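Quick notes on the structure that follows.
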Amino acid sequence: MALGCLLGACGTAPTRAHRPAPSGEEPFWQAEFDGAAGTRPSDGSWNTETGNREAEGWGNDELQYYTDDAANSSLDGEGHLEISARPVPSGAEFPCFTQEFCPWTSARLTTEGKVALTRGRAEIRARMPTGTGLLPAIWMLGDNGVEWPGQGEIDICEVVGGEPRTVYGTAHGPTYYNENGIGEAVTLTDDVSAAFHTYAVDKQPHRITWSVDGKPYFTLTPSKLPSPRDWVFEQDMHLLLDVAVGGDWPGPPDASTPSPATMTVDYVRFYGEGRA
């Protein structure tokens with residue numbers, strides 16, 4: 001596949017000067033989101049999942065209906081991908097799991113079946129939205145074909161909108177999932193929506209380390225898991241990006257919730273070994 005198609009919209013707009021990796025290491029895959037404003041991200045690397053009701057509120061009784069509309073996920077023409085949660089347009093009806101129709105739309109993008117990290121570092125530079133009832137997330141799921149939670153999940157960054165300075169990093173597996181997931185949180189000096197930050201995990205054999213802006217804050221090894229210490233992360237794992245609204249965690253939005261609520265992604269880079 002042509003490099004331009006991997007990085008964005010196949011040359012529909014001039015490229016910007018990309019930020020080099022601090023170590024000089026070359027990624028084996030990257031998405032830099034060069035392309036014209038309003039262009040959807042390349043389907044050579046990205047899938048767009050849609051719906052709500054049939055997905056049972058995405059497992060969290062959420063209120064957003066994920067769409068493939070450019071209003072919810074597209075390039076901004078300045079080298080970024082924007083994923084935006086918005087109130088449903090007047091007159092539109094999107095079936096919801098917890099009520100008849102969803103009041104919000106948003107987007108959920110994945111690299112499943114296209115790009116995966118086996119071992120190495122996943123690094124995403126993004127500005128995350130905050131506000132009551134929002135749950136933007138950058139995360140990974142295993143490609144082992146097992147039903148969740150045996151599939152394995154690594155949450156690179158979750159931000160509960162009502163905790164605007166806190167970043168959660170968590171792992172979920174067969175016997176440690178939902179509120180029993182294993183992880184830590186780090187508190188930043190400012191609201192995470194005020195600036196771009198680099199969120200990363202370094203996934204090595206029997207060791208996963210979470211960091212923000214190059215500063216590690218949690219390392220997970222099999223010894224930290226509950227018995228029987230079922231470590232499921234020695235496999236390919238694909239990436240997901242989404243902005244969820246409402247649900248059991250973080251709770252419902254209210255009149256103060258920003259609209260649109262946008263995750264702005266500067267780049268995604270995978271270093272080490274994997275599939276691309």
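Since the model is a prediction, treat every value here as computed from it, not as a measurement.
- Residues satisfying the ring-ring contact (aromatic ring centres under 6.0 Å, His included) test with W58, not counting sequence neighbours, are Y66.
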Let me have the donor-acceptor pairs involving side chains of residues 98-105, under 3.5 Å, with sequence neighbours excluded, atom names and distances please.
unit_1 : atom_1 : unit_2 : atom_2 : d
Q99    : NE2    : F101   : O      : 2.9
T105   : OG1    : N72    : ND2    : 3.0
T105   : OG1    : R86    : O      : 3.4

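- Counting heavy atoms of neighbouring residues, nucleotides and ligands inside a 6.0 Å radius, atom CZ of R207 does not exceed 12 of them.
- When only modelled atom types and interatomic distance are considered, T219 and T209 share a side-chain donor-acceptor pair under 3.5 Å.
- Atom CD of E54 has more than 12 heavy atoms from other residues, nucleotides or ligands within 6.0 Å.
- One N or O on the side chain of T39 and one on the backbone of A36 form a donor-acceptor pair closer than 3.5 Å.
- Of the residues T170, V186, V201, V167, the one that meets the side-chain contact (heavy atoms from CB on, under 4.5 Å) test with W210 is V201.
- In this structure, F94 belongs to a hydrophobic cluster whose other members, linked by side-chain heavy atoms under 4.5 Å apart, are Y65, V88.
- Residue E158 comes nearest to A137 through the heavy atom pair CG-CB, 3.9 Å, listed as atom of the first residue, atom of the second, then distance.
- Taking the side chain as every heavy atom from C-beta outward, T262 and V243 never approach each other to under 4.5 Å.
- Separating the CE atom in M140 from the CD atom in Q235 is a distance of 10.0 Å, to the nearest 0.5 Å.
- Aromatic ring orientation, W148 versus H172: tilted (interplanar angle from 30° to 60°).
- Side-chain atoms of W46 and L241, non-hydrogen and from C-beta on, do get closer than 4.5 Å to each other.
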